[in-house]
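Each remark here refers to the structure printed beneath this line.
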Amino acid sequence: MEDERIQQLAKLYEYQMDVTLSENGKKKLFQVYLEYRKGSAEAKSSKMIHLARSSGKTRLMREFAILGMFEYMEKKNGK
């Protein structure tokens with residue numbers, strides 16, 4: 001079951017970011033997602049704002065958006 005979730009998140013990430021992840025990269029991405037899920041909505045927003053201001057890198061914002069999208073999909077599907 002977890003492997004299926006890893007593959008789903010990796011597929012979404014690869015499509016949105018136009019990259020190809022190794023199997024190890026997919027597992028690392030899923031670990032980042034699990035850490036992301038632990039945070040509150042307020043903390044996540046704060047991190048996103050901080051990253052946007054400090055780095056100016058839109059890629060980081062997109063990565064947070066992808067994790068948020070996956071979290072929403074999982075909640076919607078009851079996982």
With sequence neighbours left out, what residues match Ser22 under side chain to side chain contact (heavy atoms under 4.5 Å, CB included)?
->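 If we apply the side chain to side chain contact (heavy atoms under 4.5 Å, CB included) test to Ser22, skipping adjacent residues, the hits are Asn24.
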Taking the side chain as C-beta and beyond, is there a heavy-atom pair between [X] and [Y] under 4.5 Å?
X     : Y     : answer
Arg5  : Glu74 : yes
Val32 : Lys28 : no
Lys26 : Tyr13 : no

Calculate, to the nearest 0.5 Å, the distance between atoms CD and CG belonging to Glu71 and Leu34 respectively.
-> 10.5 Å
In this structure, CD of Gln7 is separated from CD of Glu2 (nearest 0.5 Å) by 11.0 Å
Could you pull out every donor-acceptor pair under 3.5 Å between side chains of residues 36-43 and any protein atom, sequence neighbours left out?
from, atom 1, to, atom 2, distance (Å)
Lys38, NZ, Glu35, OE2, 3.2
Ser40, OG, Ala43, N, 3.1

With hydrophobic residues grouped by side-chain heavy-atom distances under 4.5 Å, do Val19 and Leu12 end up in a single group?
->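 Per the 4.5 Å side-chain linkage, Val19 and Leu12 are co-clustered.
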For Phe30, all residues meeting ring pair (Phe, Tyr, Trp, His ring centres under 6.0 Å), sequence neighbours excluded =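 With neighbours one apart ignored, the set is Tyr33.
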Stepwise, does the salt bridge (Lys or Arg N to Asp or Glu O under 4.0 Å) test hold for Glu14 with Lys11?
-> CA-CA 5 Å; Glu14 287 176 332; Lys11 185 177 177 180; over 6 Å; no
Nearest heavy-atom approach of Ala10 to Leu29 is CA-CD2, 4.1 Å
Above 12 or not: heavy atoms from other molecules or residues under 6.0 Å from NZ of Lys44?
-> yes
